[in-house]
Q: 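Here it is, the structure in full.
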Number of protein chains: 2
Amino acid sequence: MDDFELGPMVKDHRKKAGLTQLELANLAGVGKTTVFDIEKNKETVRWNNLLSVLRVLNIKVEFKSPLTK
Amino acid sequence: MDDFELGPMVKDHRKKAGLTQLELANLAGVGKTTVFDIEKNKETVRWNNLLSVLRVLNIKVEFKSPLTK
DNA sequence: ACTTTTTTACTGTTATAGCGGTAAAATGAA
DNA sequence: TTCATTTTACCGCTATAACAGTAAAAAAGT
């Protein structure tokens, strides 16, 4: 388990939003390469760029830990 | 709302784990500057480095959207 | 009080993410 | 099939994140 992959999720959401990689990139204010990399699960992307893309797609990020719960 | 800040959460978890920034950095395999930046909410850090730090602290990341739920 | 530890905040250097451009491969539509 | 669109995968260039030092400021102990 826990082989969750963010890339495919981003791709799926983008598709359902009817956006191309380039359109998403422009909306998020990042380069097309960054969107491509994110969908390819390249984790060396910058956190702020990833956040920008997720924001456009209405994907929220939550952090959880035993202490938080 | 939604002014959630990851930095303080990381710092809190690190403290409760009894780690210094340097120790956490070494455990996560990143430089001390990166840990410092994360705790300062600097979002230009790389996603993989952030993940490494969160992994050490047992902080899980979840992505949610109306489509996912 | 003093001392030690940790954090903050700089540095200069190096590695690489990000960028737009390009072009080939893949996908999809007519 | 053909044609248009999109995605993938390169390229070279530039900007900057990451790094190890260093040192001063802050915090924690004694």
Side-chain angles (χ1 to χ4, degrees):
Chain A
M1 45 136 82
D2 214 277
D3 55 350
F4 167 75
E5 310 254 300
L6 179 60
M9 177 179 179
V10 168
K11 184 167 191 168
D12 180 62
H13 278 68
R14 174 177 61 79
K15 289 284 189 187
K16 283 175 177 160
L19 297 170
T20 66
Q21 290 182 342
L22 184 58
E23 289 170 331
L24 175 55
N26 290 338
L27 284 172
V30 303
K32 60 185 167 56
T33 311
T34 298
V35 171
F36 174 71
D37 288 342
I38 290 173
E39 294 192 354
K40 279 286 169 184
N41 256 36
K42 204 175 164 209
E43 295 183 334
T44 48
V45 292
R46 287 183 205 153
W47 176 225
N48 61 328
N49 286 343
L50 179 55
L51 278 178
S52 298
V53 169
L54 296 181
R55 212 171 292 129
V56 172
L57 298 175
N58 267 318
I59 299 177
K60 299 231 183 298
V61 188
E62 283 183 20
F63 301 96
K64 294 191 176 180
S65 87
L67 294 174
T68 306
K69 289 213 81 176
Chain B
M1 33 147 86
D2 213 278
D3 55 350
F4 167 75
E5 310 253 299
L6 179 60
M9 177 178 178
V10 168
K11 183 167 192 168
D12 179 62
H13 278 67
R14 175 177 60 78
K15 289 283 189 187
K16 283 173 178 161
L19 296 171
T20 66
Q21 290 182 340
L22 184 58
E23 288 170 331
L24 175 55
N26 290 337
L27 284 172
V30 303
K32 60 186 166 54
T33 310
T34 298
V35 171
F36 174 71
D37 288 343
I38 290 173
E39 294 192 355
K40 279 285 169 185
N41 256 37
K42 204 176 164 207
E43 294 183 336
T44 49
V45 291
R46 288 185 203 151
W47 176 227
N48 60 331
N49 285 344
L50 179 54
L51 277 179
S52 299
V53 169
L54 295 181
R55 210 170 295 129
V56 172
L57 298 175
N58 266 320
I59 299 177
K60 299 234 183 293
V61 189
E62 283 184 21
F63 301 96
K64 293 191 177 181
S65 86
L67 294 173
T68 307
K69 287 214 83 174

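Chain A is the first sequence line, chain B the second, and so forth, proteins listed ahead of strands; every chain is numbered from 1. Remember, it's a predicted structure, so these values are computed and weren't measured experimentally.
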Q: Please tabulate, for the side chains in residues 44-56 of chain A, all donor-acceptor contacts under 3.5 angstrom to protein atoms that are two or more places apart in sequence or on a different chain.
A:
{"from": "S52(A)", "atom 1": "OG", "to": "N48(A)", "atom 2": "O", "distance (Å)": "3.0"}

Q: Rounding to 10 degrees, work out the angle separating the end axes of the helix from dA1(C)-dT30(D) to dA30(C)-dT1(D) (five pairs an end).
A: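 Angle reported: 70°, given to the nearest ten degrees.
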
Q: Minimum heavy-atom separation for T68(A) and F63(A), please, with both atom names.
A: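 For T68(A) and F63(A), the tightest heavy-atom pair comes out as CG2-O, 4.3 Å.
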
Q: What's the spacing between E23(A) CD and Q21(A) CD if we round to 0.5 Å?
A: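 Separation between the atoms: 11.0 Å.
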
Q: Quick check for you: to the nearest 0.5 Å, what is the distance between K60(A) atom NZ and E62(B) atom CD?
A: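 Nearest 0.5 Å value for the NZ-CD distance: 14.5 Å.
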
Q: Give me the atom names and distance for the closest heavy-atom approach of L67(B) to K16(A).
A: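 Minimum heavy-atom contact is CD1-CD, 3.9 Å.
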
Q: In Å and rounded to the nearest 0.5 Å, what is the NZ to CD distance from K40(B) to E5(B)?
A: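 With rounding to 0.5 Å, NZ (K40(B)) is 11.0 Å from CD (E5(B)).
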
Q: Just the endpoints, please: which first and last nucleotides of DNA chain D, 5' to 3', lie under 4.0 Å from a heavy atom of chain A?
A: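 The footprint of chain A covers dT6(D) to dA17(D).
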
Q: CG of D37(A) versus C1' of dA17(C): gap in Å, rounded?
A: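 Value for this atom pair: 8 Å.
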
Q: Between NZ of K15(A) and OG1 of T20(A), what distance do you get to the nearest 0.5 Å?
A: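 Answer for the NZ-OG1 pair, K15(A) versus T20(A), is 9.0 Å.
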
Q: Please tabulate, for the side chains in residues 31-38 of chain A, all donor-acceptor contacts under 3.5 angstrom to protein atoms that are two or more places apart in sequence or on a different chain.
A:
none

Q: Which heavy atom in E39(A) sits nearest to a heavy atom in R14(A), and how many Å separate them?
A: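 Smallest interatomic distance, heavy atoms only, reads OE2-NE, 2.5 Å.
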
Q: In residues 49-59 of chain B, what residues come within less than 4.0 Å of DNA chain D, judged by heavy atoms?
A: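 Output list: N49(B).
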
Q: Search all heavy atoms of N41(A) against all heavy atoms of P8(A) and return the closest pair with its distance.
A: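 Shortest heavy-atom separation between N41(A) and P8(A) comes out as OD1-CD, 3.6 Å.
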
Q: Along nucleotides 3-10 of chain C, 5' to 3', which nucleotides get a B, which get an S, and which get a -, given that the test is a protein heavy-atom distance under 4.0 Å?
A: ---SSBB-

